[in-house]
Structure formats: C-alpha cells, structure tokens
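Excluded from the calculations below are hydrogen atoms, water molecules and symmetry mates; all remaining heavy atoms, backbone and side chain alike, are included.
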Amino acid sequence: MDKEYYKDLSTRAADGDAKAFSKLYEMIYREMYYIAFYTLADDKDAVEAVIGAARDGFNAIGRLHTEEAFEVFMMKTLCARIKMRLKEYGDDLTLDSDQPELKHKLFTLDGTDRICAVLHIAGRLDATVIAAYTGMMKGSVKKRLSNALPSLK
C-alpha cells in the first residue's frame, strides 16, 4: 500500500472519519481474528474480542501520536481484550473436538505463552513486535517463545 494513502487514511481516521477507519481496519481484521481465534477457547469469544477491539480502537484513534501506529495500537487493544477474556476463563478451559489440532496444542500452554506463540506463528511476528503488542519486555517474549514453541512441534 502507498505510504501517503495510508498516512492520509490514518489522519482522516484520527479526525473521526469512520470510512477511513474502516479501510484501515479492513487491512488487519483477518489477522486480528486469527490471533483471537487461536488464543481464545471458542469462535464466539474471538469475534467478540475483535469487535470490541475495533470499537475501542475507533473511540481512541484520535490519541495516536503517529499515523504509522495504527496497527500496533489495534493489536495492543486486541491483546488487552484477549488477556481479559483469558482471566475470565480461569482454569475452566475446554475446547470443542472440532477445533484444529494446533489449537488443542496451544491450549496446553498458559495464556501469556499462548498469546506470544500465536502472534509468532499466526501473525509471523518477531519478539520485538510481540513485545510492542503485548506490553511485555522483548527478553520476556523471547523466553516465553523458547518455552512454548518446542511443545507445539
């Protein structure tokens, strides 16, 4: 995508233009859904997390400091919603039998390890970006990935 077009959309979205926000959101909503789907127990929770993150993102987009921060901002918002939902689950995690095998393996991990692994695998992100999305230190993300990834093979 053209950087100037992206910057224009970001500026218009920050000024409250819903159409500009929806065009930006359209670029990342699939990735957001995959991250939520593989991190949370069911599809309904994943959809709710993505919709909630979009709503929160639209309401707060005027506070972005730079135009390039949109994706990081949206992913941080999504990760915060995922973390809240994981806390609600507690120890009562059960997956339907029709879930993908990878998801069953991911659910052997604790919530934070799972978020890091999903961002790394589904989002194809490195530790630096994962740290930005989750608010964790880069070293902590690397440690969690080194613990989580071998158990998923």
Side-chain angles (χ1 to χ4, degrees), residues 1-90 93 95-96 99-100 102-103 106-107 109-146 148-149 152:
M1 167 183 284
D2 179 25
K3 247 187 162 166
E4 284 301 314
Y5 179 65
Y6 183 82
K7 185 176 179 177
D8 178 56
L9 284 177
S10 298
T11 303
R12 290 185 6 230
D15 290 337
D17 184 338
K19 287 184 180 182
F21 179 86
S22 69
K23 286 183 188 276
L24 289 168
Y25 176 69
E26 194 174 286
M27 292 180 226
I28 62 170
Y29 80 92
R30 283 184 185 90
E31 183 179 357
M32 290 175 70
Y33 173 75
Y34 290 133
I35 291 166
F37 176 77
Y38 280 104
T39 308
L40 297 171
D42 67 29
D43 185 53
K44 180 181 163 233
D45 288 347
V47 169
E48 286 178 13
V50 172
I51 290 171
R55 187 180 329 105
D56 293 348
F58 181 73
N59 290 333
I61 194 165
R63 295 190 303 242
L64 287 181
H65 298 293
T66 65
E67 292 82 7
E68 296 81 22
F70 177 77
E71 185 174 352
V72 172
F73 173 71
M74 290 299 293
M75 291 300 181
K76 274 183 157 181
T77 304
L78 177 65
C79 287
R81 286 199 160 263
I82 288 170
K83 286 178 183 179
M84 286 188 324
R85 182 63 69 162
L86 289 173
K87 283 181 185 175
E88 292 172 12
Y89 288 171
L93 288 174
L95 293 176
D96 295 334
Q99 296 292 338
L102 174 61
K103 190 165 184 176
L106 283 165
F107 269 74
L109 305 173
D110 84 346
T112 306
D113 287 352
R114 190 175 333 130
I115 290 172
C116 291
V118 168
L119 288 169
H120 181 74
I121 296 167
R124 296 174 307 279
L125 302 173
D126 65 14
T128 304
V129 178
I130 294 170
Y133 285 4
T134 59
M136 297 171 62
M137 299 297 292
K138 181 180 173 182
S140 297
V141 170
K142 285 183 173 186
K143 177 139 178 71
R144 290 192 176 268
L145 287 174
S146 69
L149 295 178
L152 297 176

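Remark: Asp110 pairs with Arg144 by the salt bridge (Lys or Arg N to Asp or Glu O under 4.0 Å) rule, at least two apart or across chains. A search for side chain to side chain donor-acceptor pair (under 3.5 Å) contacts involving Lys138 returns Thr128, not counting sequence neighbours. Remark: Tyr29 pairs with Tyr25, Glu26 by the side chain to side chain contact (heavy atoms under 4.5 Å, CB included) rule, at least two apart or across chains. With sequence neighbours excluded, no residue satisfies salt bridge (Lys or Arg N to Asp or Glu O under 4.0 Å) with Asp43. By the side chain to side chain contact (heavy atoms under 4.5 Å, CB included) test, Lys44 is found to be paired with Asp42, Glu48, residues two or more places apart in sequence or in another chain being considered. With sequence neighbours excluded, the residues forming a side chain to side chain contact (heavy atoms under 4.5 Å, CB included) with Asp15 are Thr11, listed by chain and number. Annotation: ring pair (Phe, Tyr, Trp, His ring centres under 6.0 Å) contacts of Tyr38 (sequence neighbours excluded): none. Residues forming a ring pair (Phe, Tyr, Trp, His ring centres under 6.0 Å) with Phe73 (at least two apart in sequence, or on another chain): none. Not counting sequence neighbours, the partners of Arg12 by the salt bridge (Lys or Arg N to Asp or Glu O under 4.0 Å) test are Asp8, Asp17. Every residue meeting the side chain to side chain contact (heavy atoms under 4.5 Å, CB included) condition with Ala53, not counting sequence neighbours, appears here in chain and number order: Met32, Thr77, Leu78, Arg81.
By the 4.5 Å heavy-atom criterion applied to side chains, Tyr133 and Met74 are not counted as neighbours. Between Phe37 and Val50 there is no side-chain heavy-atom pair separated by less than 4.5 Å. Looking at Asp113 and Leu106, their side chains never come closer than 4.5 Å, going by heavy atoms from C-beta outward. Taking 4.5 Å as the limit, every side-chain heavy atom of Met137 sits out of range of all side-chain heavy atoms of Val141. For the pair Tyr5 and Lys23, the minimum side-chain heavy-atom distance is below 4.5 Å. For the pair Ile115/Lys83, a side-chain contact is recorded, criterion being any heavy-atom separation below 4.5 Å from C-beta on. You'll find the side chain of Leu9 stays beyond 4.5 Å of the side chain of Phe21, heavy atoms only.
Rounded to the nearest 0.5 Å, atoms CZ (Phe107) and CG (Leu109) are 9.5 Å apart. Once rounded to the nearest 0.5 Å, the distance linking CE of Met27 with CD of Glu71 reads 9.5 Å.
Looking only at distances, no side-chain donor or acceptor of Ser140 sits under 3.5 Å from a matching main-chain atom of Met136. Between the side chain of Asn59 and the main chain of Arg55, a donor-acceptor pair closer than 3.5 Å is present. Side-chain atoms of Thr39 never come within 3.5 Å of backbone atoms of Ala36 as a donor-acceptor pair (strictly under, hydrogens ignored).
In Phe58, the CZ atom is crowded: over 12 heavy atoms of neighbouring residues, nucleotides or ligands sit closer than 6.0 Å.
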Name every donor-acceptor pair, under 3.5 Å, that has one atom in a side chain of residues 116-124 and the other anywhere in the protein, sequence neighbours excluded.
{"unit_1": "His120", "atom_1": "ND1", "unit_2": "Leu125", "atom_2": "O", "d": "3.0"}
{"unit_1": "Arg124", "atom_1": "NH1", "unit_2": "Ala122", "atom_2": "O", "d": "3.4"}

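When all heavy atoms of Ala127 and Lys142 are compared, the pair lying nearest together is CB-CG, 3.6 Å.
A salt bridge between Glu88 and Arg85 is present, with a side-chain N of the basic residue lying under 4.0 Å from a carboxylate O of the acidic one.
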